[in-house]
Amino acid sequence: MELVIRAEQPSDAPAREALLDTTMGAIRFSRSSERLREGRLPALSLVAEMPGGLVGTVRLWHVRAGGLSRAVMLGPLAVDPAQQGFGVGAALMLSALATLRMQDCRAIVLVGDPPYYERFGFHARHARRLHMPGPFERHRLLGLPLEPGALDHAHGVLRPCGPSITQAVPERATASRAA
């Protein structure tokens, strides 16, 4: 299996959306975590590619809460059902974690399956005083401090932060005019 993990490109969007539709369905738009992504640009977006196309995706989004800054929310992480169980998701996770550790990110939170994410160091105790901006299952809200103590005083409802899609449009327009 020749797997390549790389930064997502704009041309990956149709394949990424098709993969997310296949793995998560339309319900993904009604989840509380979607409230943290709406209208925002991802902090980090990676894809997994094999000969034949895109087989995985992970995106992370800037978030904040009381006592929490320079943090991201992971999600979605998705792998083509035909490639599940071969380490594609783990490769995406490890690449995302390595990238975030090199950047100025202090912590990661996510809503996900504890047995899967605990092997990467995520745990509910790190997110015990955090809440989603809507319904969520408490035991599935997990955190991973990338700096010691980064989640010790985190509390309250997670809120989106970082650049919005509309903030990015003028930059792209300016770059196009300058070219």
Side-chain angles (χ1 to χ4, degrees), residues 1-64 70-124 126-127 130 132 136 140-146 150-151 158 160-163 165 168:
M1 166 172 89
E2 188 177 326
L3 181 68
V4 174
I5 306 295
R6 61 172 175 79
E8 180 183 307
Q9 301 298 312
S11 60
D12 295 322
R16 181 197 68 237
E17 290 302 309
L19 175 62
L20 292 172
D21 286 344
T22 298
T23 58
M24 299 180 177
I27 194 167
R28 68 187 168 108
F29 296 110
S30 65
R31 294 189 171 156
S32 295
S33 53
E34 183 63 22
R35 307 297 72 84
L36 298 170
R37 298 188 284 259
E38 288 176 330
R40 298 288 172 173
L41 293 173
L44 179 63
S45 189
L46 302 173
V47 295
E49 191 173 50
M50 294 177 67
L54 190 134
V55 296
T57 178
V58 65
R59 295 179 117 198
L60 298 102
W61 310 82
H62 296 283
V63 293
R64 62 181 168 81
R70 295 188 347 253
V72 294
M73 176 92 177
L74 187 146
L77 169 67
V79 175
D80 183 316
Q83 299 302 323
Q84 290 177 0
F86 297 109
V88 175
L92 281 164
M93 280 296 302
L94 293 172
S95 185
L97 291 172
T99 301
L100 291 167
R101 282 187 172 108
M102 290 187 305
Q103 296 175 351
D104 197 24
C105 185
R106 298 186 67 224
I108 307 169
V109 292
L110 61 84
V111 177
D113 184 33
Y116 182 82
Y117 290 103
E118 285 174 354
R119 65 185 166 144
F120 300 105
F122 288 87
H123 201 278
H126 297 304
L130 292 171
M132 293 294 291
F136 70 102
R140 293 172 51 86
L141 182 58
L142 311 174
L144 173 66
L146 297 179
L151 288 164
L158 290 166
C161 62
I165 291 170

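Heads up: numbering here begins at 1 and tracks the sequence. Worth saying up front: this structure is predicted, and the values here are computed from it rather than measured.
Side-chain contact between L60 and I108: present, with at least one pair of heavy atoms (C-beta onward) separated by less than 4.5 Å. Using a 4.5 Å cut-off on side-chain heavy atoms (C-beta onward), Y117 and L74 make contact. Counting heavy atoms from C-beta on, the side chains of F86 and M50 never come closer than 4.5 Å. Looking at T57 and L77, their side chains never come closer than 4.5 Å, going by heavy atoms from C-beta outward. At a threshold of 4.5 Å between non-hydrogen side-chain atoms, the residues H126 and P145 count as touching.
The side-chain hydrogen bond (donor to acceptor under 3.5 Å, both in side chains) check on S45 picks up E8, R59, with sequence neighbours excluded. In this structure, the side-chain contact (heavy atoms from CB on, under 4.5 Å) partners of A107, at least two apart in sequence or on a different chain, are L68, A71, A150, L151. For E49, the side-chain hydrogen bond (donor to acceptor under 3.5 Å, both in side chains) test picks out R6, with sequence neighbours left out. A search for side-chain contact (heavy atoms from CB on, under 4.5 Å) contacts involving V79 returns Q83, Q84, V88, not counting sequence neighbours. Remark: Y116 engages F120 in a ring pair (Phe, Tyr, Trp, His ring centres under 6.0 Å) (not counting sequence neighbours). Partners of R64 under the side-chain hydrogen bond (donor to acceptor under 3.5 Å, both in side chains) rule, at least two apart in sequence or in another chain, do not exist in this structure.
Sequence neighbours left out, the pairs with a member in residues 101-112 that pass side chain to side chain donor-acceptor pair (under 3.5 Å) are R70-D104, R106-E147. Applying the salt bridge (charged side-chain N to carboxylate O under 4.0 Å, His left out) rule to pairs touching residues 83-100 yields nothing, sequence neighbours excluded. The list of salt bridge (charged side-chain N to carboxylate O under 4.0 Å, His left out) pairs with a residue in residues 75-98, not counting sequence neighbours, is empty.
With hydrogens and angles ignored, the 3.5 Å screen pairs a side-chain donor or acceptor of T23 with a backbone N or O of L19. Put simply, the side chain of W61 gets close to the backbone of G75: a donor and an acceptor are under 3.5 Å apart.
Taking each heavy atom of F122 and L110 in turn, the nearest pair found is CE2-CD2, 3.4 Å.
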